[in-house]
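In what follows, a structure is listed as structure tokens, so that the remarks can point back to it.
When reading the values below, keep in mind they use all heavy atoms of this one structure, side chains included, and skip hydrogens, waters and symmetry mates.
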Amino acid sequence: MIACDQFTSQPEYWENVKNFVGDSPSAYNLILPEAMLHEAGEKKNSEIYSAMNNYLEQNLFTEYKNSYVYVERTLLDGSIRKGIVGVIDLEEYDYKPGSNSKIRATEETVTERIPPRKSIRENAPLELSHVILLFDDEQRDLIEPITFSRHSMKKLYDFDLMLGGGNIKGWLVRGEQSRALSMRIDSYIKRKSKELSVVFAVGDGNHSLAAAKACYESGATSRYAMVELENIYDEALKFEPIHRLVKNINVAEVLEDIQDKICVSSWGMKDSWPIKFYSQDKSGVINIDKSKGASALIVLQKYLDESERNFEIDYIHDTDALKNLSSSEDSLGFELPPFDDNAKRDFFKVISESGVLPRKTFSMGHAQEKRYYLEARRIK
């Protein structure tokens, strides 16, 4: 089933999942969807632990030691997203701003979201993961050698995912192929460590990974956590910008203030980032001063967060929706640029320089394209 943090405002989706699963063994019984966080507590946790132990006692799992899983996910548009399922060392991961760890969050971590996840994980015998860890391999040296040789490997699964999730295939990577992959990863880490302070970035599931870190630090669970490793240059890995809508303002005053504080005048436009804006009376472009931060969104979000005006901000995924919402008299919308190949090339550099990106910077694909829970791993 799909990542627990999807369809949080659509309880009907999770009701469909429940009906689809029925009495069958399912990852649905081993996790708690965020849409049902109101059910969180000792009783619900006990039900999850009981299901995990029952599945273990029934030998529903096949264990593969010292192995990876190579994954091909066919998305709704027919594109195929490739990944490697393995584990990371939580001592190499830190979500806190200003961290110099090799593995970091891409966006701000809301610490209040960690305890509910921690309370489930700390006594669970198994972990299931929807974490996607990004790496920066424009030459495509890590995963592609496995793509070319996958037909010589054991296929673990090949089926359509529930409720419009597309298709998933997985192959076992072990023996010499596993050792060769580990060597390529080690080589990548050494090479990237010389260029930037960050080597891997959490693209999805950071709050779950933060909970894993908290459980490890308290001595409750394993030092390692399961993730899927994906190349940021994978053509099927789509990043959608999340736009900003500022509400209940005097639009003319705010535009003037923005021009004054974070934009360049006409003579400095070559040293700026153009950002489209929309309001009831007009639309146009502001040119954000590059000297004020590592990206246009970082500069804009800092202005919005630190302004004495105490802005009410909404985060909008769709451009047409942004334009419609900006047509209100007291609203101003900012359209963030598309996440193209140039943005992907700057991605790790921006994180290395800025620590983390502002909250709600991007969304990795549509809800149905998020990672599904398939593999499980013992953590006790």
Hydrophobic clustering (ILVMFWY, side-chain heavy atoms < 4.5 Å, transitive) - are [Y] and [X] grouped together?
X: Met183; Y: Phe200; value: no
X: Tyr372; Y: Leu156; value: yes
X: Leu332; Y: Trp273; value: yes
X: Leu255; Y: Leu304; value: yes
X: Ile379; Y: Tyr49; value: no

For atom [atom1] of [X], is the number of surrounding heavy atoms from other residues, nucleotides or ligands below 6.0 Å larger than 12?
X: Lys290; atom1: NZ; result: yes
X: Glu12; atom1: CD; result: yes
X: Glu42; atom1: CD; result: no
X: Lys380; atom1: NZ; result: yes
X: Asn310; atom1: CG; result: no
X: Gln139; atom1: CD; result: no
X: Lys276; atom1: NZ; result: no
X: Arg378; atom1: CZ; result: no

Quick check: does any side chain N or O of [X] sit under 3.5 Å from a backbone N or O of [Y], one acting as donor and the other as acceptor?
X: Arg371; Y: Glu369; value: no
X: Ser119; Y: Pro116; value: yes
X: Lys360; Y: Ile316; value: no
X: Arg73; Y: Gly165; value: yes
X: Ser149; Y: Pro145; value: yes
X: Lys302; Y: Pro358; value: no
X: Arg150; Y: Thr147; value: yes
X: Lys247; Y: Glu312; value: no
X: Gln259; Y: Asn287; value: no

Any side-chain donor near an acceptor of the partner, [X] and [Y], under 3.5 Å:
X: Tyr70; Y: Lys155; answer: no
X: Ser182; Y: Tyr68; answer: yes
X: Ser208; Y: Arg121; answer: no
X: Lys169; Y: Asn167; answer: yes
X: Ser197; Y: Ser352; answer: yes

Mind listing the closest non-hydrogen atom pair of [X] and [Y] along with its distance?
X: Tyr28; Y: Met36; value: OH-CE, 3.6 Å
X: Ile351; Y: Ala105; value: CG2-O, 4.4 Å
X: Ala210; Y: Thr109; value: CB-CG2, 4.5 Å
X: Val227; Y: Ser129; value: CA-OG, 4.0 Å
X: Gly164; Y: Gln368; value: O-CB, 3.5 Å
X: Tyr303; Y: Lys261; value: CE1-CD, 4.1 Å

To the closest 0.5 Å, what do you measure between [atom1] ([X]) and [atom2] ([Y])?
X: Tyr95; Y: Ile114; atom1: OH; atom2: CD1; answer: 3.5 Å
X: Ser328; Y: Asn248; atom1: OG; atom2: CG; answer: 9.5 Å
X: Gln301; Y: Leu336; atom1: CD; atom2: CG; answer: 9.0 Å
X: Glu127; Y: Ile120; atom1: CD; atom2: CD1; answer: 13.5 Å
X: Leu181; Y: Leu229; atom1: CG; atom2: CG; answer: 8.0 Å
X: Ile298; Y: Ile262; atom1: CD1; atom2: CD1; answer: 12.5 Å

(request) With sequence neighbours excluded, tell me which residues meet side-chain contact (heavy atoms from CB on, under 4.5 Å) with Ala367. (result)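 If we apply the side-chain contact (heavy atoms from CB on, under 4.5 Å) test to Ala367, skipping adjacent residues, the hits are Gln6, Phe7.
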(message) Under the criterion side chain to side chain donor-acceptor pair (under 3.5 Å), I'd like the reasoning laid out for Ser24 against Ser26: C-alpha separation, chi angles, the key distance, then a yes or no.
(response) CA-CA 6 Å; Ser24 301; Ser26 172; over 6 Å; no
(message) For a side chain to side chain donor-acceptor pair (under 3.5 Å) check, start with the C-alpha distance between Tyr278 and Asn324, then their side-chain angles and the critical distance, and finish with the verdict.
(response) CA-CA 9 Å; Tyr278 304 96; Asn324 289 335; over 6 Å; no
Looking at residues at least two apart in the chain, or sitting in another chain, which of them share a salt bridge (charged side-chain N to carboxylate O under 4.0 Å, His left out) with [X]?
X: Glu57; result: none
X: Lys65; result: Glu63
X: Asp289; result: none

(message) What verdict does the side-chain contact (heavy atoms from CB on, under 4.5 Å) test give for Leu90 and Leu209, after you've listed the backbone C-alpha separation in whole Å, the side-chain angles of each residue and the deciding distance to 0.1 Å?
(response) CA-CA 9 Å; Leu90 289 167; Leu209 201 56; 4.1 Å; yes
(request) For the pair Phe61 and Tyr55, name the ring-plane relationship: parallel under 30°, tilted 30 to 60°, perpendicular over 60°. (result)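 Tilted, since the angle between the ring planes falls between 30° and 60°.
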With side chains defined as the heavy atoms from C-beta onward, is the minimum distance between [X] and [Y] less than 4.5 Å?
X: Phe347; Y: Thr106; value: yes
X: Val131; Y: Val202; value: yes
X: Arg309; Y: Glu253; value: yes

(message) Applying the salt bridge (Lys or Arg N to Asp or Glu O under 4.0 Å) criterion to Asp89, which one of Lys102, Arg223, Lys213 satisfies it?
(response) Arg223
(request) Output every pair passing salt bridge (Lys or Arg N to Asp or Glu O under 4.0 Å) with a member in residues 181-192, not counting sequence neighbours, ordered by first then second residue. (result)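 Qualifying pairs, neighbours excluded: Asp136-Lys192, Lys192-Glu195.
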(message) Please enumerate all residues that pass ring pair (Phe, Tyr, Trp, His ring centres under 6.0 Å) together with His130, with sequence neighbours excluded.
(response)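 Residues passing ring pair (Phe, Tyr, Trp, His ring centres under 6.0 Å) with His130: Tyr373.
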(request) Could you walk me through whether Arg377 and Ser222 pass the side chain to side chain donor-acceptor pair (under 3.5 Å) test, one step at a time? (result) CA-CA 10 Å; Arg377 177 177 164 271; Ser222 169; 3.1 Å; yes
(message) What I want to find out is whether Glu230 reaches Lys82 closely enough, with some N-O distance under 4.0 Å, to be called a salt bridge.
(response) no
(message) Looking at Asp94 and Arg104, is any side-chain nitrogen of the basic one under 4.0 Å from a carboxylate oxygen of the acidic one?
(response) no
